[in-house]
Amino acid sequence: MPPVVRFAPSPTGYLHVGGARTALFNFLFARHHGGRFILRIEDTDQKRYQAEALTEIFASLKWLGLQWDEGPEAGGDAGPYFQSQRTALYRGRAAELLEAGKAYRCFCSEERLAGLRAEQEKAKMAQGSGYDRHCRRLGASEVQALLAAGAPHVVRLKVPDDRAVAFHDLIRGDITYDSGQLDDLVLLKSDGFPTYHLANVVDDHMMGITHVLRGDEWIASTPKHILLYEACGWAPPIFAHMPVILAPDGGKLSKRRGAASVLDYQRAGFLSEALRNFLALLGWAPGADREIMTLEEMIAAFTLERVQAKAAVFDETKLEWMNGVYLQGKSVDSLLADVRSLWEKAGLPARALADEGYLKKVIGLFKERSKKVGDIAGNSLYFFSDPQGYEEQAARKYFRAEALPLLDAILPALQGLQPFSREALEDLFRRLAGELGVSAGKLIHPTRLAVSGVSFGPGLFEMLELLGGETVRRRLQKAREWIAAGDRA
RNA sequence: GGGGCUAUCGUCUAGGGGUUAGGACGGGUGAUUCUCAGUCACUAAACCGGGGUUCGAAUCCCCGUAGCCCUGCCA
């Protein structure tokens, strides 16, 4: 039987890379085994719900190429896929559990519960922390009276006292909890909405989920879920808890410690293939030292047995390297639209970006020395307008008075150069260097700085060729004046 | 306080009783070169500690330590 898995985010904020990795593993697992991947939205918390979060989650998943087989937008037989639209189901289930005596109504106020917690905290109770099961002892007539009075209440599961609750985790092996450690967990809140636990169990069962692959912060909740499955008379699914992803300092990932949001990486100019590949390698390795893989290769190689139990640190440096690898594999044509929009954002007028052939040549010059799309756009601005200043350290080094006679030799030589090609330029520079009795570098470095404003970039001669004779001479002239002025001062 | 999970170079990891503990990122050195990037060589860098089991432990067991998670009418 092919597996059915789900990714079930809460729309309380952006999709962070940890969630994306969980989604990715679910996706890879489903595809590898020919199963289905469901997207379900767990919007049962009215207080923390954010409408924009939904858009952001969808966009993130799609950008990473993790198309879900069933869920919002995709449809499917097990819908609706928003928990907020399934409340009748949860209430019905809670009513049945109540009826069967497996759950009970609890009328305790939040104040009483808070007081109880504070007391327990103070007493550092050796065991039996959590709800004191006060309302479990209420008689039927008391309950009727409270109900008749319209007293607000929640529904709690009756958790057995001293029982071993065991399950097999596909990544961590056998895990056992003593039910005495567990609370009588709330199933239905007083606002009539289910808690995560109830909604999750009911939906996983009704949607035919066979494997629950989720973050390991859920591992302590799993025995509660097992008990709930039992109370409902259902067989629990198979569990596998994925390790967390940590910030470089070993702490939790957050916006403050680097970009935690998937879409932030998109905005920062990363390629989705690179982020996806990198995320896959956080907690999983196919073996044989394989790292760069297509989605298809990942699907073919993915198994839960090879997923790590240990938390992994998100190393952005390696992501950048990987992005560079993917960037080199991209054609200039496929990069054009993205780079052009970054150029526009940098303030270049449409007129400057009109010649597509020129644009492609510029991209070609910068692609191989870039790691991100943004590097291509950001470092190539001088192909569209004269440099506004010169890199300070480089100017100190190359724009000294001694450079003046050199520039004076280059300028007229350039005047009649025909054709203005990289070969002709290189011949010219080398010949000139010979005549002047200096190394070619003495000519090349000041020229590069004069023309680009910076000390690094593409090969000088291809750069000059693309810029064209007129522009090159204008910029050299400007640099000459700059040096002469500085010399006088 | 209780419970659970985890532990190999700085980072991601390979390794499932016998290996010079391998690869990648990052670092260092050198070569190439007009710069940067790249590329190519070379190089430094790890089994948390202590007990067992065994002829033999990174691998299995126990204890300790550390980190993380849970202990919510959040998910």
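Labels below follow one simple rule: chain letters A, B, ... track the order of the sequence lines, proteins then strands, and each chain is numbered from 1. Computed from a predicted model, the values in this text were never measured in an experiment.
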What interatomic distance, in whole Å, is found between [atom1] of [M] and the corresponding atom of [N]?
N	M	atom1	answer
B:U59	B:C42	C1'	31 Å
B:U53	B:U71	C1'	36 Å
B:C69	B:A75	C1'	14 Å
B:C63	B:U29	P	48 Å
B:C5	B:A21	P	32 Å
B:G49	B:U54	P	23 Å
B:G23	B:A45	C1'	14 Å
B:C47	B:A57	C1'	11 Å

Is the closest side-chain heavy-atom distance between A:Leu246 and A:Lys252 below 4.5 Å?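 A:Leu246 does not reach A:Lys252 side chain to side chain.
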Report yes if some heavy atom in the side chain of A:Tyr382 is under 4.5 Å from a heavy atom in the side chain of A:Met463; otherwise report no.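 Yes, close enough: below the 4.5 Å cut-off.
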Return yes if a side-chain donor-acceptor contact under 3.5 Å exists between [X] and [Y], otherwise no.
X	Y	result
A:Asn200	A:Glu42	yes
A:Gln83	A:Tyr196	no
A:Arg214	A:Thr222	yes

Scan every strand shown for a Watson-Crick or G-U wobble partner of [N], both distances under 3.5 Å, and answer none if you come up empty.
N	result
B:C25	B:G10
B:C5	B:G67
B:U53	none
B:C40	B:G30

Whole-Å distance separating the [atom1] atom of [X] from the [atom2] atom of [N]:
X	N	atom1	atom2	answer
A:Ile226	B:G3	CD1	P	20 Å
A:Gln181	B:G72	CD	C1'	17 Å
A:Leu253	B:C69	CG	P	12 Å
A:Trp218	B:U6	CH2	P	19 Å

Have a look at [X] and say if it touches a base, only the backbone sugar-phosphate, or nothing, with a 4.0 Å heavy-atom cut-off.
X	result
A:Arg290	nothing
A:Arg48	base
A:Ser190	base
A:Phe429	nothing
A:Cys108	base
A:Thr12	nothing
A:Val186	sugar-phosphate

Toward the 5' end of RNA chain B, which comes first, A:Ser10 or A:Glu462, by nearest nucleotide?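 Its nearest nucleotide being more 5', the pick is A:Glu462.
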Residue met sooner reading RNA chain B from 5', once A:Thr176 and A:Ala440 are mapped to nucleotides: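 The residue whose closest nucleotide sits nearer the 5' end is A:Thr176.
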Do the side-chain N or O atoms of [X] get closer than 4.0 angstrom to the phosphate oxygens (OP1, OP2) of [N]?
X	N	result
A:Thr44	B:A75	yes
A:Lys189	B:A75	yes
A:Arg105	B:C73	no

Check whether A:Phe82 forms a cation-pi arrangement with A:Arg40 (NZ or CZ under 6.0 Å from the six-membered ring centre, at most 45° off the ring normal).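 Not flagged: A:Arg40 not positioned over aromatic ring of A:Phe82.
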Exercise: identify the closest heavy-atom pair between A:Met207 and A:Ile38: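 Result for this residue pair: O-CD1, 4.2 Å.
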Could you tell me if the ring centre of A:Phe302 sits under 6.0 Å from that of A:Phe25?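 For A:Phe302 and A:Phe25, the ring centres are under 6.0 Å apart.
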How about A:Trp68 and A:Phe7: are their ring centroids closer than 6.0 Å?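 No, they do not, as the ring centres are separated by 6.0 Å or more.
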Name the closest nucleotide to the [X] side chain, picking from [options].
X	options	result
A:Glu217	B:G72, B:A75, B:C5	B:A75
A:Arg448	B:A75, B:C34, B:G2	B:C34
A:His445	B:U35, B:C74, B:C70	B:U35
A:Lys252	B:C69, B:C74, B:C34	B:C69

Any protein N or O atoms within reach of nucleotides 36-43 of chain B? Criterion: under 3.5 Å, listing atom names and distances.
unit_1 : atom_1 : unit_2   : atom_2 : d
B:C36  : O2     : A:Arg369 : NE     : 2.8
B:C36  : N3     : A:Arg369 : NE     : 3.4
B:C36  : N3     : A:Arg369 : NH2    : 2.6
B:C36  : N4     : A:Arg369 : NH2    : 3.3

Does a salt bridge link [X] with [Y], judged by any charged N lying under 4.0 Å from a carboxylate O?
X	Y	result
A:Arg93	A:Glu96	yes
A:Lys372	A:Asp375	no
A:Asp203	A:Arg86	yes

In B/S/- notation (B base, S sugar-phosphate only, - none; protein heavy atoms under 4.0 Å), nucleotides 7-15 of chain B written 5' to 3' is SS--SBSSS
